[in-house]
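Remember, it's a predicted structure, so these values are computed and weren't measured experimentally. What's counted below: heavy atoms across the whole structure, side chains too, no hydrogens, waters or symmetry copies. So that the names make sense, note that chain A is the first sequence line, chain B the second, and so on, each numbered from 1.
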Number of protein chains: 2
Amino acid sequence: MPRAIYEGIYRDLKGKIQEGTYTYEDFLPTESELTAQYGCSRNTLRRAVSMLADDAYVQPMHGRGVRVIWQREGHSAQGSLSGVESFVEFARRNGLTPSTSVKSFEQVTCGSGLSRRTGFAEGVELLRIVRVRSLDGEARQVDHDYFLASAVAGLTPEIAEGSVYHFLESERHMRILTSKRRITVQLATDEDCSYMDLDPYNCVAVMENQSFNSEGVMFEYTQVRYHPDSFSYNLVSRR
Amino acid sequence: MPRAIYEGIYRDLKGKIQEGTYTYEDFLPTESELTAQYGCSRNTLRRAVSMLADDAYVQPMHGRGVRVIWQREGHSAQGSLSGVESFVEFARRNGLTPSTSVKSFEQVTCGSGLSRRTGFAEGVELLRIVRVRSLDGEARQVDHDYFLASAVAGLTPEIAEGSVYHFLESERHMRILTSKRRITVQLATDEDCSYMDLDPYNCVAVMENQSFNSEGVMFEYTQVRYHPDSFSYNLVSRR
DNA sequence: AAGTGGTCTAGACCACCTA
DNA sequence: AGGTGGTCTAGACCACTTG
């Protein structure tokens with residue numbers, strides 16, 4: 001694997017923090033020690049450290065050193081859906097059986113309302129897919145996907161029962177490079193109630209998502225409506 | 001102001017994208033053109049561009065160029081609380097009158113349950129503050145704050161009615177450098193219902209937050225419980 | 001083949017912290 | 001004063017895309 005040097009150093013340091021070689025509130029060795037240790041330039045090492053800082057594993061302190069701030073089980077994890085993990089990966093990791101039921105699979109033209117909501121240009125052809133996803137038979141989320149029709153030619157309802165991304169990556173050689181997300185809480189719609197076990201006055205967590213492919217073109221808008229018990233989202237911010 | 005060069009370039013390019021000098025799906029000038037334009041080294045320019053990419057303003061494409069992916073009103077913004085903006089800033093921007101009522105202000109010792117929830121070590125002294133925050137008289141969120149008591153000496157209920165961060169920054173010369181967050185949706189507690197206008201079967205959006213100061217020490221755990229109508233969180237992810 | 005972004009190096013100077 | 005991280009430069013080579 002032709003991995004970048006900074007990537008290797010990043011993984012190595014991250015592993016050492018997770019394993020306890022460096023622990024909470026320790027200082028990492030200094031930059032000059034680490035560059036000597038890894039036999040790389042200072043810039044390359046700094047890039048790796050800055051990635052660790054982005055992950056909130058570490059906090060560099062000017063004039064003092066680089067302090068570890070990662071804690072095992074920092075925010076103790078409940079068994080709930082992480083926003084970054086795929087549905088199937090989450091299920092596998094927790095020993096649950098995932099299943100997907102395609103409720104809708106149709107081509108639509110993007111009208112003005114849809115354009116404002118999704119960010120697609122008016123008039124473009126979209127493929128609309130609605131899927132209910134369950135764990136051990138319990139409906140946990142409803143996915144509303146809109147794909148640029150031209151980008152997903154060949155997609156069938158059968159494929160949509162599995163992973164659309166796998167299809168896009170292996171068949172269409174497409175990669176998601178960037179995505180913008182928004183999380184809100186909304187009152188459950190009648191549709192939500194009919195798909196998931198919810199009462200009309202319940203709320204759902206809604207994650208909207210715009211994805212851009214390697215061409216820099218937005219090709220997907222997704223709205224995932226989560227059963228409130230199944231939603232958890234972790235993130236980090238700096239500065 | 002001794003701002004960094006990359007910071008200036010970053011802001012300039014960001015402004016040009018927002019103003020429409022470069023628009024959605026355009027390519028930026030090439031790196032060599034931009035380095036000439038700004039009279040800086042390639043590394044410095046690349047750092048600025050990489051920050052724009054982190055913000056999903058731009059997507060660099062190997063061998064082709066750097067494409068703008070920012071859209072005005074991409075995910076159309078509703079009038080709702082953003083997770084990154086402070087409560088007062090949000091109110092001001094939307095012409096609403098913010099108010100805060102301190103419901104609790106007391107010192108507690110961190111027990112095992114609290115330690116697991118918050119990430120503080122067992123036995124440390126904490127200052128617990130509960131505040132209800134309203135916009136135009138309507139209660140929108142309840143803040144449960146736990147501060148390392150030693151870090152916030154001198155804090156009073158009167159100060160807590162305003163901005164604790166302002167106190168920490170100007171009086172205690174403390175800065176938040178990193179924070180880890182988690183967002184979940186929970187059933188409203190009796191306390192939530194009594195503070196905000198909610199029924200027992202309603203949900204609240206909960207944002208938990210651990211903050212680290214410039215010493216790399218966690219000094220704050222906050223749990224903000226949002227009225228569902230007042231919650232919106234925007235974020236970006238790459239790769 | 002030419003042009004683009006991606007990675008890496010070596011060396012310089014600065015700003016901050018501790019003593 | 002000495003050590004640490006923060007910024008910046010100049011130049012090299014590589015990998016990908018396009019004609």
Check: Rounded to the nearest 0.5 Å, how far does CZ of A/Arg182 lie from CE of A/Met207?
Finding: 12.5 Å
Note to self: Minimum heavy-atom separation for A/Phe219 and A/Ala151, please, with both atom names.
What the structure shows: CB-CB, 4.2 Å
Note to self: Testing A/Tyr233, A/Phe87, A/Phe231 one by one against A/Tyr226 for a ring pair (Phe, Tyr, Trp, His ring centres under 6.0 Å), which residue passes?
What the structure shows: A/Phe231
Next item on the list: Go through DNA chain C in 5' to 3' direction and return only the first and the last nucleotide with some atom under 4.0 Å of chain B's heavy atoms.
Entry: C/dG3 to C/dT9
What pairs of nitrogen or oxygen atoms, one from the protein and one from nucleotides 3-5 of chain D, lie under 3.5 Å apart?
from: D/dG3; atom 1: N2; to: A/Gly63; atom 2: O; distance (Å): 3.1
from: D/dG5; atom 1: OP2; to: A/Glu31; atom 2: N; distance (Å): 2.9
from: D/dG5; atom 1: N2; to: A/His62; atom 2: NE2; distance (Å): 3.2
from: D/dG5; atom 1: N3; to: A/His62; atom 2: NE2; distance (Å): 3.3

Expected list for residues 16-24 of chain A: side-chain donor-acceptor pairs under 3.5 angstrom, two or more places apart:
from: A/Lys16; atom 1: NZ; to: A/Asp12; atom 2: OD2; distance (Å): 3.2
from: A/Gln18; atom 1: NE2; to: A/Tyr57; atom 2: OH; distance (Å): 2.8

Check: Who pairs with A/Arg67 by salt bridge (Lys or Arg N to Asp or Glu O under 4.0 Å), at least two apart in sequence or on another chain?
Finding: none
Check: Going from CG on B/Leu28 to CD on B/Gln59, what distance comes out if it is rounded to the nearest 0.5 angstrom?
Finding: 12.0 Å
Next item on the list: Could you list the residues that satisfy side chain to side chain contact (heavy atoms under 4.5 Å, CB included) with B/Glu31, not counting sequence neighbours?
Entry: B/Arg42, B/Leu45, B/Arg46
Note to self: Consider side chain to side chain contact (heavy atoms under 4.5 Å, CB included). Of B/Val164, B/Leu126, B/Thr222, which one does B/Phe147 pass it with?
What the structure shows: B/Val164
Check: So among B/His144, B/Gln210, B/Glu208, which one has a side-chain hydrogen bond (donor to acceptor under 3.5 Å, both in side chains) with B/Tyr221?
Finding: B/Glu208
Margin query: Main chain of B/Val108, side chain of B/Arg128: is a donor-acceptor contact present, judged purely on distance under 3.5 Å?
Written below: no
Note to self: Five pairs per end, C1' atoms only: what is the angle between the end axes of the helix from C/dA1-D/dT18 to C/dT18-D/dA1, to 10 degrees?
What the structure shows: 10°
